[in-house]
Trainee: 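Handing you this structure, nothing more for now.
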Amino acid sequence: MNKDMKNEQKIQSLLESDLLQAPADFSDRVLREIERQTQSSGADDSRHEPDEDSATHMIEWWQWLAVAGGSLVGMTQVTRYIFGFWLSAAVG
Amino acid sequence: MKNTTSVPNDNQPPRQRVRRSPLIAALMSASLPGFGQLYNGQLNKAAWIFVIFASLTIPVSAAIALWLPAPLTVPLQLLGGILAISVWLYAIINAWITARHRDNYTLRPWQTSGLYAVVFIICNLITMPLLTISVRTHLVQPFTTPSNSMSPTVLAGDYLFANMSYNCPYCLAKVNRGDIAILINPNKRNFFYIKRVIGLPGDSIEISNNQLLINGESAQYDTSDQQHENFDRVKEQSGNRQWEVQWQTDKTEDFPATIVEPGHVFVLGDNRDASNDSRLIGQIPLSDIKGLARQIWFSRSKEGIRWDRIGLDLTTR
């Protein structure tokens, strides 16, 4: 009985207290922090950007080469499959 | 090629969001129908497109053709080719259109260059060539005749389809007298001959004064509708099968009576004076009889295309 009364009092005190309120300048502070972080990561990126660009460019070049070469081989095989059926062997 | 951003995921590493290139998708489907769909992440569609292209067009049309009357062989082969081209074009266009709408696409875990390479090798470089070989060896194969050994039935410049499901335990057709057979050249085993089966195992074959005698009975002869100034042409009939033969005018052909050995057949060319057949090369083992001439699909001579020969049914000639 005493324990129940103590729990009820605790719950009552929580219900009577106000919800937490954000500070008035909360939005401004968050945006400033985002901007600061963006600028610092942009500075890092600008130092590494030329190397990453050339590597990416090289990978893309190889990918295009693979697609082009594979397409040539593949299309040859496909046309051979479709039209090669009509290639006639000679009978004497 | 890619504009990538990462998508945060609570429990797994972030997966890349990419933009799919329509050109790459179309090129991939052009190189292997269904491949572009794989690039676009449509695994089920990719599989079905490939299955339909590889097996439900040319191979199925060839198989169906053997169950239907011989005159339908050429139309069905044409249909198979048209269907294959249609599926191919559909795969290319569909891959292009789908990729255009995949601006912010999440790459699947299985979409790796290694998978693409394996699929390409298995489907394009292994499966399709094997299917081609299988269709030509066991179903339907095209042949062309550079010689006139089977004239007037089959002329030099004729292109024909042969039923390769012939002369085997589970084949659709068995060897019968009068069949125009495709057989292996006994002297050059990489080359084929085309001759008519005249004598079956155990038969007695004789030619006397240009007349064919099978088991002592003379074939029946009738005047041919097509006469030629340099050749005598007649209709030769044995049993319920009739065909046309020719020999040079005023030339007499004799061949002594011979018994066809077990497991062998006796073959003759319809152009009796210009045929390297069993009279010269001997009896042919049944195992070397590979195909049954079915239908002419094209014919040309020095004078041009012989339109009247296209579509001729060789199973009744």
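Note that this is a predicted model, so its numbers are computed, not measured. Order of the sequence lines fixes the chain letters, A, B, ..., with proteins taken first and strands second; residue numbering starts at 1 for each chain.
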Trainee: Applying side-chain hydrogen bond (donor to acceptor under 3.5 Å, both in side chains) as the test, list every pair that has at least one member in residues 24-35 of chain B; sequence neighbours left out.
Mentor: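 Residue pairs passing side-chain hydrogen bond (donor to acceptor under 3.5 Å, both in side chains), neighbours aside: B/Ser29-B/Gln37.
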Trainee: Can you see which heavy atom on A/Gly92 is nearest to which on B/Lys195, and at what distance?
Mentor: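 Looks like O-NZ, 4.0 Å.
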Trainee: Need one label for B/Ile194: side chain, backbone, both or neither, based on atoms under 4.5 Å from any heavy atom in chain A.
Mentor: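 For B/Ile194, the contact with chain A is made by backbone and side chain together.
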Trainee: B/Leu83 versus chain A, heavy atoms under 4.5 Å apart: side chain, backbone, both or neither?
Mentor: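 Interface part for B/Leu83: neither.
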Trainee: Return the OG1 to CG distance between B/Thr144 and A/Leu87, rounded to the nearest 0.5 Å.
Mentor: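 B/Thr144 OG1 to A/Leu87 CG: 11.5 Å, rounded to 0.5 Å.
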Trainee: How long is the span from the OG1 atom in B/Thr127 to the OH atom in A/Tyr81, to the nearest 0.5 Å?
Mentor: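 The OH atom of A/Tyr81 is 10.0 Å from OG1 of B/Thr127, to the nearest 0.5 Å.
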Trainee: Report the distance from atom CD of B/Gln77 to atom CZ of A/Phe85, rounding to the nearest 0.5 Å.
Mentor: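 Rounded to the nearest 0.5 Å, the CD-CZ separation comes out at 4.0 Å.
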Trainee: Given a strict heavy-atom distance threshold of 4.5 Å, which part of B/Phe143 is in contact with chain A: side chain, backbone, both, or neither?
Mentor: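 For B/Phe143, the contact with chain A is made by backbone and side chain together.
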Trainee: Quick check: are there more than 12 heavy atoms from other residues, nucleotides or ligands sitting under 6.0 Å from CZ of B/Arg300?
Mentor: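 Not buried by this count: 12 neighbours or fewer within 6.0 Å.
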Trainee: Given the rule in the side chain to side chain contact (heavy atoms under 4.5 Å, CB included) test, do B/Leu183 and A/Val91 qualify, once you have shown the distances and angles that lead to the verdict?
Mentor: CA-CA 9 Å; B/Leu183 52 112; A/Val91 282; over 6 Å; no
Trainee: With a 4.5 angstrom heavy-atom cut-off, which part of B/Leu27 approaches chain A: side chain, backbone, both or neither?
Mentor: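 Contact with chain A: backbone and side chain both.
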Trainee: Taking heavy atoms only and a threshold strictly under 4.5 Å, list by residue number the residues of residues 27-34 of chain A that touch chain B; give 'none' if the list is empty.
Mentor: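 The residues closer than 4.5 Å to chain B amount to none at all.
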Trainee: If the condition is salt bridge (Lys or Arg N to Asp or Glu O under 4.0 Å), which residues does B/Arg294 pass it with, not counting sequence neighbours?
Mentor: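 Listed in chain order: nothing, the list is empty.
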Trainee: What part of B/Ser149 is in contact with chain A, defined as an atom under 4.5 angstrom from a non-hydrogen atom: side chain, backbone, both or neither?
Mentor: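 Interface part for B/Ser149: side chain.
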Trainee: Search all heavy atoms of B/Asn124 against all heavy atoms of A/Val78 and return the closest pair with its distance.
Mentor: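 Closest approach of B/Asn124 to A/Val78: ND2-CG2, 4.3 Å.
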Trainee: How about CH2 on A/Trp62, more than 12 heavy atoms from neighbouring residues, nucleotides or ligands closer than 6.0 Å, or not?
Mentor: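 No, the 6.0 Å shell around CH2 holds no more than 12 heavy atoms from other groups.
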Trainee: So which residues of residues 154-161 of chain B are in contact with chain A at a heavy-atom cut-off of under 4.5 Å?
Mentor: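 Under the 4.5 Å heavy-atom cut-off, B/Tyr159, B/Phe161 qualify.
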